[in-house]
Structures are given as structure tokens and as C-alpha cells.
Amino acid sequence: FDPVVGFDHPQVLSIDLDIKLRNLPFITMKLLTFPILIVSVALGYLYAQNPLLFGQRTGKSHEDFTILAHNADLDDELFSLASKLGADFAAYRNHCLRVLTFTQHFLPKEVVEEIPEAMELAAVALAYHDVALWTDKKLAYLDPSVAQMEKALEGGKYSEQQMAIMKDIILQHHKITPFESDRGSAADALVNAVRMADWTDATMGLVRFGLPASLLEA
């Protein structure tokens, strides 16, 4: 500071600016370190969850799993909806088949022992779980999808308890946390198996609740 003129001397300002410019790369590097670290961790997580997103395979066999290429209970309902699904029929059917395949992995054996028709209920519910996106053209499609299912199955072979379980499957498949009801642990486990399976497919394995990555490659 120059006491005569009352402001910083130009030479002092020049030196100060030069020091700041020399430190600029270091400051920039410090500022970028954290975002780069976050991105690196995120990419590492994505790769660990689903190597297929990076064009890689796990190299592990999925032969121990049953991969569903078709399901009669699912297809019986879906083919009746084909005209409404239009060009999206194949994509929707494939989504339902993948979710049904993953459901098998998440479904405890004791549930199938208690509810022998568990996979049938899952298949039928899955046929309708997103269908109101097409039939009702609504983004808030859970309740309308239930309505479509109830209309299609009215007076059919399913009991009130079975219909209630399928309704829960549709209404709860967006829920990220475990579902609980007063229908019993087996019914809840079935609903949760489908819920986790749908999350796994919808997020391309980024959220997969312990599902083996090799099963995503099937």
C-alpha cells in the first residue's frame, strides 16, 4: 500500500496476481478432486452391480437358474391385452418375463409350499401391473391397473384372498422398502419377491437386492 497515493502499488498488485495465477492449477485440482472421486466411486458401484452396462460379463454361469422365455399364465392375460399394448407388446412382455424370472430367485421355498399357486398369481398380476399406462393413458397408473385386472378377472376362478394378493403385487411394486400386511408372512413374501424383482429390472440391476449379476446376463 502506497501512503502517498493511497492505493496498492502496481508492482505489488502484479506480484500478487502472479502468485494467484501460479496457484490456480493447484486450486483447480483441489476443487476437482472431490467430484472426480464421487464419479469414480459411482462408476465402480455401477460396474459391480451390472457389468453388462459396460459391455462386460461376469464370466459366471447362470445355468442353476430357470430363465423364463414364456409363461402360460402371463401370456393368457397379455394376449388379451395385445391390441391395447400395440407396438409395445413385445417390450412389455419381455419386462414381465424378466421380472417373473427374478421373482423365482427372491421367492422363499416355504412360500411356494404354503401358496402353491404363488408363481401363477405373480404372473397374472404382472400382466396388469403397468397396463394402465396404455389402457388409461395415465402416469398415476397403479390403481387403474388394478381396476383393469379386476375387470378382466371378475367372476373367474380366483378367490378373494388370491385377488387381494395380486392387488397388493400391483399396488406395492414401486415400494423400495419391505411390504407388510395382515394377510400373513407368505403372502407378504410373495408381494415382496415381485417388488424386488421389478426394481431389479427397472433399474437394470443397479438395485438388485442381492440377485446374482450373472442372472442379469441371461
Side-chain angles (χ1 to χ4, degrees), residues 49-50 52-53 66-107 115 117-179 181 183 187-209 211 215-218:
Q49 292 299 101
N50 189 355
L52 281 179
L53 294 175
T66 300
I67 311 302
L68 299 175
H70 58 82
N71 177 275
D73 298 306
L74 173 70
D75 287 339
D76 283 348
E77 303 303 325
L78 282 182
F79 286 130
S80 68
L81 297 166
S83 61
K84 296 176 181 178
L85 293 168
D88 295 319
F89 174 82
Y92 184 61
R93 178 174 181 266
N94 288 337
H95 166 61
C96 291
L97 285 169
R98 288 192 300 271
V99 174
L100 200 58
T101 294
F102 300 155
T103 296
Q104 295 177 124
H105 172 80
F106 292 121
L107 194 62
I115 309 176
E117 71 280 12
M119 287 300 294
E120 177 184 346
L121 298 181
V124 173
L126 281 172
Y128 294 95
H129 77 297
D130 292 337
V131 78
L133 279 169
W134 291 270
T135 58
D136 295 61
K137 310 296 183 184
K138 293 181 178 180
L139 292 178
Y141 57 85
L142 297 182
D143 286 312
S145 292
V146 167
Q148 289 289 335
M149 181 188 71
E150 291 177 329
K151 179 181 178 181
L153 302 180
E154 185 178 8
K157 65 178 182 177
Y158 296 107
S159 68
E160 183 178 345
Q161 171 73 355
Q162 291 171 327
M163 288 295 294
I165 292 173
M166 290 190 288
K167 180 177 178 179
D168 283 341
I169 288 174
I170 295 175
L171 292 178
Q172 304 302 327
H173 79 272
H174 287 169
K175 195 174 188 294
I176 187 64
T177 56
F179 167 72
S181 73
R183 304 190 202 289
D188 289 352
L190 173 55
V191 174
N192 281 312
V194 180
R195 177 185 62 80
M196 291 186 289
D198 186 79
W199 268 97
T200 299
D201 192 58
T203 64
M204 296 184 292
L206 302 185
V207 178
R208 55 187 171 91
F209 305 97
L211 184 89
L215 189 50
L216 299 172
E217 303 170 355

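Source: prediction; values computed, not measured.
Using a 4.5 Å cut-off on side-chain heavy atoms (C-beta onward), Leu133 and Asp88 make no contact. Residues His173 and Asp130 have side chains in contact (heavy-atom distance under 4.5 Å, counting atoms from C-beta outward). Side-chain contact between Asp136 and Gln148: present, with at least one pair of heavy atoms (C-beta onward) separated by less than 4.5 Å. The shortest side-chain heavy-atom distance between Met196 and His105 does not fall under the 4.5 Å cut-off. Using a 4.5 Å heavy-atom threshold, the side chains of Leu85 and Leu78 count as touching. A 4.5 Å side-chain heavy-atom check between Glu77 and Leu153 finds at least one atom pair inside the cut-off. Annotation: side chain of Asp201 is not in contact with side chain of Thr101 (no heavy-atom distance under 4.5 Å). Side-chain contact between Phe106 and Asn192: absent, with no pair of heavy atoms (C-beta onward) separated by less than 4.5 Å.
When every heavy atom of Leu68 is checked against every heavy atom of Leu97, the shortest pair comes out as O-CB, 3.8 Å. Asp188 approaches Ser181 most closely through the heavy-atom pair OD1-OG, 2.5 Å. When all heavy atoms of Ile170 and Ala125 are compared, the pair lying nearest together is CG1-O, 3.7 Å. Shown here for Asn71 and Asp73, the closest heavy-atom pair between the two residues is OD1-N, 3.1 Å. Here the closest heavy-atom approach between residue Ile115 and residue Leu121 is recorded as CG2-CD1, 4.3 Å. Closest heavy-atom contact between Ala122 and Thr103: CB-CG2, 4.5 Å.
The distance from atom CG of Leu126 to atom CZ of Arg93, rounded to the nearest 0.5 Å, is 13.0 Å. If you take OH on Tyr128 and OG on Ser80, they are separated by 4.5 Å, rounding to the nearest 0.5 Å. Between the CG atom in Asp198 and the CZ atom in Arg98 there is a gap of 10.5 Å [rounded to 0.5 Å]. Separation of atoms CD1 (Ile165) and CD (Gln162) is listed at 7.0 Å; rounding is to 0.5 Å. To the nearest 0.5 Å, atoms CG (Leu206) and CG (Leu216) are separated by 9.5 Å. Taking CG of Asp168 as the start and CZ of Arg183 as the end, the distance is 4.0 Å to the nearest 0.5 Å.
The backbone N or O of Ala90 sits less than 3.5 Å from a side-chain atom of Asn94, completing a donor-acceptor pair. With hydrogens and angles disregarded, a donor-acceptor distance shorter than 3.5 Å links the side chain of Lys175 to the backbone of Pro178.
Side-chain atoms of Asp75 and His70 form no donor-acceptor pair, as typed in the model, at a separation below 3.5 Å.
Relative to the ring axis of Phe209, Arg195 places its NZ or CZ within 45° and under 6.0 Å from the centre.
Between His129 and Tyr92, the ring planes lie parallel to each other; the angle is under 30°, not in the 30° to 60° tilted range.
Within a 6.0 Å sphere centred on CD1 of Ile176, heavy atoms belonging to other residues, nucleotides or ligands number more than 12.
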Check against salt bridge (charged side-chain N to carboxylate O under 4.0 Å, His left out), Lys157 and Glu117 = CA-CA 12 Å; Lys157 65 178 182 177; Glu117 71 280 12; over 6 Å; no
Let me see the working for Trp134 and Leu81 under side chain to side chain contact (heavy atoms under 4.5 Å, CB included), right down to the final yes or no.
-> CA-CA 10 Å; Trp134 291 270; Leu81 297 166; over 6 Å; no
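Between His174 and Tyr141, the distance separating the two ring centers is shorter than 6.0 angstrom.
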